[in-house]
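Here the structure is laid out as structure tokens; the discussion comes afterwards.
Just follow the structure's listing: the first ligand is 1, and inside any ligand the first atom is 1.
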Amino acid sequence: MDIKSGHSSPVMTDSPQISNSRLTVRQSRLPPYSSATAVSQNNNLLLTVPRKKTGIIDDVKANAWLDAMIASSPTPAIVNKDNISSSDATTDMTYREWTVKYPSALTTFEKIMSVAKGKRIALFLDYDGTLSPIVEEPDAAYMSSDMRTAVQNVAKYFPTAIISGRSRDKVYEFVGLSELYYAGSHGMDIMSPAGESLNHKHLSRTVSINEQGKDVNLFQTASEFLPMIDKVLCSLVESTKDIKGVKVEDNRFCISVHYRNVEEKNWTLVAQCVDDVIRTYPKLRLTYGRKVLEIRPVIDWDKGKAVTFLLESLGLNNCEDVLPIYVGDDRTDEDAFKVLRDGPNHGYGVLVSAMPKVSNAFYSLRDPSEVMEFLKALVTWKRSLG
Ligand SMILES: O=P(O)(O)OC[C@H]1O[C@H](O[C@H]2O[C@H](CO)[C@@H](O)[C@H](O)[C@H]2O)[C@H](O)[C@@H](O)[C@@H]1O
């Protein structure tokens with residue numbers, strides 16, 4: 001995250017966008033990578049990214065870089081509403097002021113439902129920080145069984161997709177509901193539920209077998225990058241192996257380099273290692289989220305594109321009687337919020353955040369427990385319609 005005017009500013013903007021290893025800090029609003037730099041080269045998806053000759057540390061002023069890394073995950077005292085500290089009153093007031101612009105999807109539920117009346121809701125859910133709380137160890141980001149039940153119930157009434165930066169397999173393992181649509185690797189790896197065929201006029205599908213031995217459709221927009229990603233993964237594991245606390249996560253078409261458990265004094269070292277590895281890969285770019293650097297193919301594809309793709313494939317795009325709702329907490333979810341705010345498929349982005357942030361979302365929820373309340377409220381509302 002990038003703090004707009006220093007650490008004291010209560011309202012945060014999105015993280016600086018890092019394009020490949022030649023990093024540029026952009027202070028403008030998100031999301032910079034789906035901009036006019038897109039060119040049609042490969043599958044109409046390849047992006048060109050402006051190049052500079054130097055690396056991360058050269059391009060990004062050390063302070064801005066560290067500020068951004070620090071701000072990418074706020075301290076528990078700020079985010080945990082149960083952990084009251086001396087600045088809580090101010091924090092709380094700031095949060096309440098912020099919700100004037102991004103009202104709670106719970107307190108305004110009736111209003112949202114008055115728009116939804118007579119429409120078909122399509123639901124898109126991010127995973128980390130939305131369905132599961134943010135935890136120190138990425139492999140332990142389990143969702144509660146209550147949350148699983150809430151997702152399962154909501155999916156009985158509305159087409160529901162999980163859209164995650166994780167690998168599709170990993171997020172499926174966490175969620176474990178075969179009736180959902182899954183989009184892993186920031187939407188680059190989409191799977192239909194068993195027995196439901198997805199069709200898209202531009203993207204070809206492959207048929208695969210899921211864990212229950214049933215046919216599922218896959219749409220993978222970045223398959224050609226797999227050998228490269230595998231190579232980079234090995235190099236990153238090797239180059240960061242001596243930095244205590246680093247975790248390199250294989251997200252199939254993307255790679256996450258976590259620095260949550262790295263001493264802050266070593267964060268620039270992590271950045272330098274990543275830069276050193278990917279500087280020779282012009283077809284990869286770097287973004288970052290909550291104490292994580294994310295390496296991904298330079299293609300014009302993101303969570304927003306995945307939402308559009310799913311709506312199109314489900315025959316729900318450009319329909320007056322469809323209301324897409326996307327719930328997410330991180331900067332990569334902003335692409336989806338923007339699509340629903342500005343695109344032809346008008347809908348609502350709901351930002352999950354316990355602190356004020358600049359967002360393309362319409363509504364807010366404080367944390368995963370409020371997300372669960374929201375999902376339950378959707379079910380109750382739908383059942384009340386008879
Ligand atoms: O799109 P998402 O489903 O939100 O995935 C984004 C990243 O989430 C995970 O990392 C984040 O959550 C971890 C567990 O709570 C936390 O330890 C980490 O610091 C966060 O960045 C996941 O591990 C990443 O690969 C995803 O890219």
Side-chain angles (χ1 to χ4, degrees), residues 1 14-15 18 30-31 68-76 79-80 124-144 147 151 160-175 180-190 229 232-233 236-237 240 245-262 264 267 270 274 285-297 301-307 326-337 349-354 357 359 361 365 367-368 371:
M1 297 261 165
D14 189 43
S15 349
I18 309 172
L30 21 142
M69 288 179 94
I70 291 163
S72 71
S73 187
T75 61
V79 298
N80 185 352
F124 301 92
L125 304 167
D126 168 53
Y127 184 73
D128 288 279
T130 298
L131 297 181
S132 69
I134 293 294
V135 293
E136 302 283 298
E137 172 49 54
D139 286 341
Y142 305 110
M143 72 195 275
S144 67
M147 181 67 97
V151 175
T160 301
I162 310 288
I163 307 211
S164 174
R166 302 247 189 192
S167 72
R168 176 175 50 75
D169 284 349
K170 186 73 194 174
V171 80
Y172 184 88
E173 191 185 312
F174 278 136
V175 178
L180 310 183
Y181 296 84
Y182 287 87
S185 308
H186 297 289
M188 293 177 210
D189 188 4
I190 295 177
I229 292 281
V232 171
L233 181 76
L236 284 169
V237 168
T240 58
V246 166
K247 181 176 172 68
V248 181
E249 186 182 4
D250 178 1
N251 287 338
R252 186 110 207 264
F253 297 97
C254 311
I255 303 166
S256 285
V257 180
H258 294 273
Y259 57 89
R260 179 171 295 280
N261 300 317
V262 174
E264 205 173 313
W267 287 3
V270 176
V274 172
R285 67 193 170 99
L286 190 61
T287 57
Y288 65 94
R290 300 175 76 162
K291 292 199 174 170
V292 66
L293 299 170
E294 296 176 311
I295 292 107
R296 48 163 130 176
W301 198 265
D302 53 38
K303 290 183 173 187
K305 291 274 187 335
V307 166
Y326 187 107
V327 189
D329 74 311
D330 209 350
R331 66 173 306 279
T332 57
D333 300 310
E334 291 292 336
D335 295 318
F337 296 156
V350 181
L351 175 66
V352 183
S353 180
K357 282 181 192 171
S359 175
L365 289 169
D367 51 31
V371 173

Which atoms from ligand 1 have a heavy atom of [X] less than 4.0 Å away?
X	result
P138	14 (C), 17 (O), 23 (O)
Y127	3 (O)
E136	17 (O)

Start with the C-alpha distance between R290 and D128, add both sets of side-chain angles, then the distance that settles salt bridge (charged side-chain N to carboxylate O under 4.0 Å, His left out), and finish with yes or no.
CA-CA 10 Å; R290 300 175 76 162; D128 288 279; over 6 Å; no
Tell me, which protein residue and heavy-atom name are nearest [atom], and how many Å apart are they?
atom	answer
atom 19 (O) of ligand 1	R260 NE, 2.5 Å
atom 25 (O) of ligand 1	E249 OE1, 2.6 Å
atom 27 (O) of ligand 1	E294 OE2, 2.5 Å
atom 3 (O) of ligand 1	S164 OG, 2.7 Å
atom 17 (O) of ligand 1	V135 O, 2.5 Å
atom 10 (O) of ligand 1	H258 CE1, 3.4 Å
atom 11 (C) of ligand 1	I134 CD1, 4.0 Å

Sub-4.5 Å side-chain heavy-atom contact between [X] and [Y]:
X	Y	answer
R296	W301	no
I162	F174	no
D335	H186	no
N261	E136	yes

Measure the spacing between SG of C254 and CZ of R285 and express it to the nearest 0.5 Å.
8.5 Å
Yes or no: does P133 have any heavy atom under 4.0 Å from an atom of ligand 1?
yes
Looking at residues at least two apart in the chain, or sitting in another chain, which of them share a salt bridge (Lys or Arg N to Asp or Glu O under 4.0 Å) with R168?
D189
Tell me whether [X] has any N or O atom under 3.5 angstrom from an N or O of ligand 1.
X	result
V292	no
D333	no
D126	yes
K291	no
D128	yes

Give the contacting part of N251 toward ligand 1: side chain, backbone, both or neither, where contact means a heavy-atom distance below 4.0 Å.
side chain
What class does the angle between the rings of F124 and Y326 fall in, given that below 30° is parallel, 30 to 60° is tilted and above 60° is perpendicular?
parallel
Please work out which of K303, R331, R290, E137 has its closest non-hydrogen atom nearest to atom 21 (O) of ligand 1.
R290
With the threshold set at 4.0 Å, does a side-chain nitrogen-carboxylate oxygen contact exist between D333 and K303?
yes
One thing to verify: whether R331 and E334 come together as a salt bridge, which I'm taking to mean a side-chain N less than 4.0 angstrom from a carboxylate O.
no
Residue list, side-chain contact (heavy atoms from CB on, under 4.5 Å) with L233, at least two apart or on another chain
V248, D250, I255
